There are 4 protein chains.
Amino acid sequence: MTSETPRRRLAPEVRRRQVLDAAVAVFSEEGFHGASMDAVAARAGVSKPLVYARGGSKEELFAACLRREADRLLRSVQSAAGSGDDDPVARLRRGLRAFFHALTTRREGWTVLWRQASTGPFAGEVDALRRQIVGEAADLMAGGLGVPRAVALPYAHTLVGAAEGLADWWLTSEDQETVGGTEPADALADLLVAVVGPGLAAIGGRSLGSSTAVSPER
Amino acid sequence: MTSETPRRRLAPEVRRRQVLDAAVAVFSEEGFHGASMDAVAARAGVSKPLVYARGGSKEELFAACLRREADRLLRSVQSAAGSGDDDPVARLRRGLRAFFHALTTRREGWTVLWRQASTGPFAGEVDALRRQIVGEAADLMAGGLGVPRAVALPYAHTLVGAAEGLADWWLTSEDQETVGGTEPADALADLLVAVVGPGLAAIGGRSLGSSTAVSPER
Amino acid sequence: MTSETPRRRLAPEVRRRQVLDAAVAVFSEEGFHGASMDAVAARAGVSKPLVYARGGSKEELFAACLRREADRLLRSVQSAAGSGDDDPVARLRRGLRAFFHALTTRREGWTVLWRQASTGPFAGEVDALRRQIVGEAADLMAGGLGVPRAVALPYAHTLVGAAEGLADWWLTSEDQETVGGTEPADALADLLVAVVGPGLAAIGGRSLGSSTAVSPER
Amino acid sequence: MTSETPRRRLAPEVRRRQVLDAAVAVFSEEGFHGASMDAVAARAGVSKPLVYARGGSKEELFAACLRREADRLLRSVQSAAGSGDDDPVARLRRGLRAFFHALTTRREGWTVLWRQASTGPFAGEVDALRRQIVGEAADLMAGGLGVPRAVALPYAHTLVGAAEGLADWWLTSEDQETVGGTEPADALADLLVAVVGPGLAAIGGRSLGSSTAVSPER
DNA sequence: TATGAATGAGGGTTCATTCAT
DNA sequence: CATGAATGAACCCTCATTCAT
C-alpha cells in the first residue's frame, strides 16, 4: 500500500489558514468564477467538506480572502509608513517600499485583490477595499506634496498602477539580477521614486524625490 | 408551414461582427468563466448555434475578442505615434493620447483585455499582447531617452502600468469633471506626462518632458 | 453496437407530460426529499437537463405534480357528480365511484397528493389542495344529508380515509377476484356505501343509503 | 487540562430513550429523508457519535422509532380491548377509543408511523405493522359480526382508514372545540361508531352498534 | 440556413458516517 | 465515554456543445 497521509486533526484556525491560503492561490489563478471548490480543496490538501466547514460558501470564502489580503497589505504599508511626526516624504518612501515588498512577495493576494472580482458579486466590496488602499497612498502623497487629498487621488492611482506594472515586469522577467544588489523591493521602489519623484515634486512645489531620490537612503 | 418572417440572412462578416460585439460586452461584464454562451447569444439577438457557427467555441470566441481589441488598440497607438522622423517626445505623447483615448472610449474592450483575461487560460496570450504594446512604448522611449531598448523596458512597463492605473481611476471615478475642460483622454495623457516626464528626462539626461510637459501642447 | 434509442425531438408539451408522469411515479415512491432528479430523469428516459427544461426546479416540478393530480381528481369527481338538479344521494354515490376509480387507477397521483409532502415546503399547498378535495365531498354530503357544510366536514374526512383504507386493501390484497364481477371501483364504492350509508342516514335523518344502498343501482 | 464539567454519563437505556425521543420528533417533522442526523443529535442535546452509538445507523434508528411507536399503539389498543369474555361490541368500542387516544396524545409517533413511513424504504415494515393493527380490528369485528375473519378484513381496513382520516382531520383542524365536551378521543371514537356501526350491523345481521351506538355508553 | 431541443460533464453544497483525542 | 474534526458519496443545478428539423 502507499503511505497515505493520515487524517490529521488540526485546530480550526490552523485549518482555516490553510484553506484561505489555498483559496487565495486558486482564486488568483482562476478568478472567482473560474475557481472550483474542488481545486481549493485539492490545493489545501483537504476534502471539500472541510473547505466548507472552515471557509464557508464560495462567496464567503472569497470575501474572507479579500479581507485578509487587504488587511495585510494595509497594515503592512501603514506600519511601514508610520504615523510619526517625521518627514512625510520619508514616510511615503517607506510606504512604497513596503508596498513593493508586499507586491513581490505576496503576488497572489495582490492579484486576488486587484485583478479579480472587479465584476460580479464583489465589485462593491473590492472597490471599497481598493479605495482604502489607494486612499492610504493618497493620504501620504497629500502630506508629502502639500495638496488636498482629492487632488492627490489620481496621482495615487497612477502611482499604484506604475508600481504594479513595474512589479509585473520584475516578476516575469527572466534576468532578475539586473536590478542590483540591494533588496529587490527596495530597488524597485527607488526606481519608481526616481521616475515619478521629480514630476510629483514639480506638481506639489516641494522637494519630494529631490536629488536624493536616486540615491536612496539606507 | 406558416409563413413567418424568417430571420434575415446576413453576410457572414456582419454576423460575426454582431457576435463579437456581443461577446466583448458580455465578457467585459462577467469575465470569461462568468459569461455564458447563452448570454452572448441573447445579447447578439441570435441563436446559440449561430454563435458557434460565427464565433467558434467559447475559448476561440474569447481569443477572437482579445485579438480584435488588441489589434485596434495597437493600430490606433501606432498610427497616432506615427513612424515619421519627427521628435520622439512628440511621438510618445501622441501615442499616450491615443492610448488613453482608446481606453476611455472603448472601455469594454479594454476591460476584456486587461482585467478579465489577465488570469486564466489566456494569461499567456494577454501577456504577449501586453508585451507588444509595452514594446511599442519601449521603442519610443528608447528613442526619446537615447538609451538601449533593454534599459528602457522597465520604464516602459512602469509607464504603461501608470497609464492603466490612471485610466482605471478615471473610468471608475464618479466626478469625472475634475480633470478639466479639454478632451479627457488628452488631459489624462498630459497628467501622466507631467508625472513621469521630469523623472524620465533626468534618467535619460535629455529633455523628455521638459518644463513644457506640464503645459501640454495642443 | 447496441441499438440505442436515438435522440428524439418531441414537442415541449409531450416531453413535459412524460416528465410529469415520471415525477409523479418517483415522488409517490420516495417522497419529495427521497426522490432525486436523477431518478426522475431515468424514469422518464431523458437526460437530467431536460427534466429541468420541462419541469423546472425540483420544487416547481413537485408543485406541478401536485396541481395536475389534484386537478384531475377534482375534475373527475365533479364531472361524475354533476351539477344537475337530480338526487343529491345519487350524486354522492356517483362521486364516490369516480373517487374510487381514481384511487385504484391512479394510485401514484393520490399518494403524491395525500401522503407526501405533508411537511416541508409544500405543507401549505398540499393542505389547500386536500381541503379542496375533501371540501367537494363535504359539499356533496352536506347536500345529501341536509346538514351544514361544517358539520359534514369530519364525516367527509372519515369517508375519504375509509375509502383510502379500502383501496389500500384492495390494491395490496392478492386475491382481488373476491369482490365480484362488477367494475372493482364500483364494487368498492358500493361496499363503502353499505358500511357508512346507514350511519350517515341516521345522522342526517334522511334516506341516504337506504335499503337500496346495499343493492347498488346499475 | 481544564476542569470543565464533563457531560453527565448516563445509563445506556436512558440515553437511548433520549435519542429515540428526539428522533421521533425530528422524523415526524421532516420525514425520513428530510431529517438529518445532525438535527437528531441537536434535538437530543448530545453529539452525533452518541446518536450512532445508541441509535445505530439512520435506517436502524428510524426502524427503532417505528417499532417503539407501533408497539405502544398496539399494546395500548390490545390492553383496552381486553381479552375478556365480555361483549365484542364493547371491546371494539374500547379499542377504538384507545386508538384515538393514542393518536391524539402521541401525535408525533403517529406521524412517523403513518404519514412519513408509508412510502420509502420502510413501506414494507409499516405495512406489516398496519396489518397487525388491522388484524386486531378484524378479529374483534369477526367476533362481533359473527363472520369469518377473511370476510371481516376489508371492513377492518375500511374502519382503520376511516379512523385515520378522522384523526388527521382532528389533528390538523384548528377549531378542535367543535366536537364536544367529552374527551376528544372518546368523542372521535363515538362519532366513528355512529357512522359505521349501523352499516356493519346490517351486514353482520347482528346488533353491532345498534341504536345504542349513537348514544355511546360512558 | 437558422433554430429549438437535447445532453455529457462538471460545480456548489450537504449529509451519513467514522476517526482521533 | 463523549466529542470535534474529517471525509466519500450523492444531490441539485447549469453550461458548453451538438443534433434534427
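The shown structure was predicted, so the numbers you read here are calculated from the model rather than taken from an experiment.
Residues from residues 47-54 of chain A that place a heavy atom under 4.0 Å from any atom of DNA chain F, listed by number: A:Ser47, A:Pro49, A:Leu50, A:Arg54.
Comparing A:Met37 and C:Leu10 against DNA chain E, the residue whose closest nucleotide sits nearer the 5' end is C:Leu10. Comparing A:Ser36 and D:Ser36 along DNA chain E, the residue whose closest nucleotide (by nearest heavy atom) sits nearer the 5' end is A:Ser36.
Using cut-offs of 30° and 60° for the angle between ring planes, the B:Phe122 and B:Phe62 rings count as tilted.
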Next on the checklist: As a check on the pairing definition, encode DNA chain E in dot-bracket form, counting Watson-Crick and G-U wobble pairs whose two distances are under 3.5 Å, and using | for partners outside this strand.
Outcome noted: .||||||||||||||||||||

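Look at A:Arg15 and you'll find a side-chain N or O under 4.0 angstrom from OP1 or OP2 of F:dA6.
Separation of atoms CZ (D:Arg68) and CZ (D:Arg16) is listed at 8.5 Å; rounding is to 0.5 Å. Summarising the geometry, atom CZ belonging to C:Phe32 is positioned 12.5 Å from atom NE2 belonging to D:His33; distances are rounded to the nearest 0.5 Å. Here the NZ atom belonging to D:Lys58 is positioned 9.5 Å from the CG atom belonging to D:Leu61, to the nearest 0.5 angstrom. Here the CZ atom belonging to A:Arg15 is positioned 11.5 Å from the CZ atom belonging to A:Arg17, to the nearest 0.5 angstrom. In this structure, D:Ser36 OG and D:Lys48 NZ are separated by 7.5 Å, a value rounded to the nearest 0.5 Å.
Backbone-only contact: C:Ala35 has heavy atoms under 4.0 Å from sugar-phosphate atoms and none from a base.
With rounding to whole Å, C:Arg9 atom CZ is found 6 Å from F:dA20 atom C1'.
Among the nucleotides F:dC13, E:dT17, E:dT13, the one closest to any side-chain atom of A:Lys58 is E:dT13.
In terms of the side-chain hydrogen bond (donor to acceptor under 3.5 Å, both in side chains) criterion, D:Arg54 has no residue partners (sequence neighbours excluded).
Contact record, A:Val26 with A:Ala35: CG1-CB, 3.5 Å, taken as the closest heavy-atom pair.
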